[in-house]
**Q** 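Sharing a structure below in structure tokens format, with a few things to ask.
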Number of protein chains: 2
Amino acid sequence: MRYHKIANETIRRLPIYLRGMLFLSEQNRKTISSQNLADIVGINSWQIRKDFSYFGDFGKPGVGYIVEKLIRHIKKILKLDKEHKTALIGVGNLGRALLAYPGFGPYGFNIVAAFDNDPAKIGKKIENINVEDVSRLPALSKRKVDLAIIAVPRDAAQEVADVLVEAGVKGILKFSPHHIEVPKKIKVISIDIATDLARLPYYMSA
Amino acid sequence: MRYHKIANETIRRLPIYLRGMLFLSEQNRKTISSQNLADIVGINSWQIRKDFSYFGDFGKPGVGYIVEKLIRHIKKILKLDKEHKTALIGVGNLGRALLAYPGFGPYGFNIVAAFDNDPAKIGKKIENINVEDVSRLPALSKRKVDLAIIAVPRDAAQEVADVLVEAGVKGILKFSPHHIEVPKKIKVISIDIATDLARLPYYMSA
DNA sequence: GCATGTGAAAATCTTCACAGCA
DNA sequence: TGCTGTGAAGATTTTCACATGC
């Protein structure tokens, strides 16, 4: 292994590899070759090897990669090896789907708090999480929450983000399509279904 | 304008620009400069100008871009200028959130059918859409549906995709994290919240 | 004078081909 | 023999700087 600046694109792919490895682990596979993993995740084998080569000698020539070891290794790189307490803001349709989503666990994400501004929802329990008033957001700083998922309407996103940053949140995943302004040290990732969907027709053969 | 192969990354950004332009249109803005648009969408102005330059002379030097004209132009490039009938497969939490999602309209996406395999859901009406039995999927070919959104559990995704391809669907948006195998001419886009979220901790300053 | 459009340079990312180890 | 790890080549994408048009 040499020193390399790690490509951004590599970081984007690591969670995909991790997903594949977790699947293999469920099935009690012990080792996997880059070619096998390529078939599972839909990424070329040489791309996989190149990506891994940034981080050290993961695999054994002639054998492949050891599933459990690779999982631990990728988790460590992505800093997923310890729990991340996560707050959800906005308990609408999407918010409820997120609370019910079982896929966060294996990555160490744990939704520990949910907030809304609708009095009809505040105080209710959804999926075992108590819905709190958004006015209580600033108190998050005391609760070791470092990550937040924003699932509120467009116009409220910036305001919510400001409070979250103030409360010490380090990373934000948002579903509102608008760009929000945050300090440079805060990382924001956006998911917008319509924006992704909008690429499809371009690639669809008539 | 010259002939250029259009960069994939450019196509990825076009829906983001479109989103910004639609927002401006709502506010009755007539023209916009690349710098102004940059502030709204969070992408550099030179990147925006470069992207647009692939398609022809969109703007007027000294003035900027004409909002309505640019919207029409981008929609045309992305083939969003006509309606895309869309089917939803899987009416769980996520599926219901998608049916209630108001953001598809401006892009010309219209969910015209929903399917599930749960007898308790079949026949129910959700958000004005009748939930049909998945066994009726093959009949989609007669209904001019060219796009499908798969929101079913992991293990069912490949099977559903196979039927959809058979039924003539040209593009698939899926939420199941697994890679699925489809003919090359079918375009598949995946959204996986956990995979996106998993990148955050890496970038979060301790 | 203001803002676009674009060659050219720089940076980044992917692909290849194969040396070398188990 | 099978499969990794990686330098080097190739392709793509971003960034810059400025000529050009309104």
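Only heavy atoms go into these numbers, but all of them, side chains included; no hydrogens, no water, no symmetry mates. Throughout, protein chains are lettered first and strands after them, A, B, ... in sequence-line order, and every chain is numbered starting at 1.
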**Q** Evaluate A/H73 against A/F58 for ring-ring contact (aromatic ring centres under 6.0 Å, His included), listing each step before the verdict.
**A** CA-CA 8 Å; A/H73 217 134; A/F58 279 23; 4.0 Å; yes

**Q** Side chain of A/A7 only, heavy atoms from C-beta on: which candidate in C/dC13, D/dT6, D/dC3 is closest?
**A** C/dC13

**Q** From D/dG2, C/dG7, D/dC22, pick the nucleotide closest to the side chain of A/P61?
**A** D/dG2

**Q** Quick one about B/D192 and B/S190 (side-chain donor to acceptor, distance below 3.5 Å, no hydrogens or angles considered), yes or no?
**A** no

**Q** Taking the side chain as everything from C-beta on, heavy atoms only, tell me whether A/L200 gets closer than 4.5 Å to B/K170.
**A** no

**Q** Of A/G62 and A/D51, whose nearest nucleotide on DNA chain C comes first from the 5' end?
**A** A/D51

**Q** Would you mind classifying the nucleic acid contact of A/S45 as base, sugar-phosphate or nothing, using non-hydrogen atoms under 4.0 angstrom?
**A** nothing

**Q** Answer yes if the side chains of A/Y202 and B/R12 hold a donor-acceptor pair under 3.5 Å, and no otherwise.
**A** no

**Q** Rounded to whole angstroms, how far apart are CG on A/N8 and C1' on D/dT12?
**A** 16 Å

**Q** CZ of A/F52 versus P of D/dC3: gap in Å, rounded?
**A** 16 Å

**Q** Check the distance between D/dC3's P and A/I66's CD1 and give it to me in whole angstrom.
**A** 15 Å

**Q** Is the distance from OP1 or OP2 of D/dT12 to the nearest side-chain N or O of B/R12 less than 4.0 Å?
**A** no

**Q** Between A/N44 and B/S34, which has a closest nucleotide on DNA chain C that is more 5'?
**A** B/S34

**Q** Is any side-chain N or O of A/R13 closer than 4.0 Å to OP1 or OP2 of C/dT14?
**A** yes

**Q** Can you figure out which of C/dT4, C/dT15, D/dG5 approaches the side chain of A/Q47 most closely?
**A** C/dT15

**Q** Are B/Y65 and B/N36 close enough that a side-chain donor and a side-chain acceptor fall under 3.5 Å?
**A** no

**Q** Could you check how far CD of A/Q35 sits from P of D/dG5, rounded to whole Å?
**A** 15 Å

**Q** Looking at C/dG5, C/dC13, C/dT15, which one has an atom nearest to any side-chain atom of B/D57?
**A** C/dG5

**Q** Near B/E83 CD, under 6.0 Å, is it more than 12 heavy atoms from other residues, nucleotides or ligands?
**A** yes

**Q** Find the distance A/F55:CZ to D/dT6:P and express it as a whole number of Å.
**A** 13 Å

**Q** What is the separation between atom CG on B/L37 and atom C1' on C/dG5, rounded to the nearest whole Å?
**A** 16 Å

**Q** Look at the side chain of B/K50 and decide which nucleotide, out of D/dT14, D/dC3, C/dT4, has an atom nearest to it.
**A** D/dT14

**Q** Of the nucleotides D/dA17, C/dT15, D/dC22, which has the atom closest to the B/R49 side chain?
**A** D/dA17

**Q** Tell me the interatomic distance from B/I48, atom CD1, to C/dA3, atom P, rounded to whole angstroms.
**A** 14 Å

**Q** Taking CH2 from A/W46 and P from C/dA19, how many angstroms apart are they, rounded to a whole number?
**A** 19 Å

**Q** Starting the side chain at C-beta, find the nucleotide from D/dC22, D/dG5, C/dT15 nearest to A/S53.
**A** D/dG5

**Q** Scan A/Y65 against the nucleic acid and name what it touches under 4.0 Å (heavy atoms): base, sugar-phosphate only, or nothing.
**A** sugar-phosphate

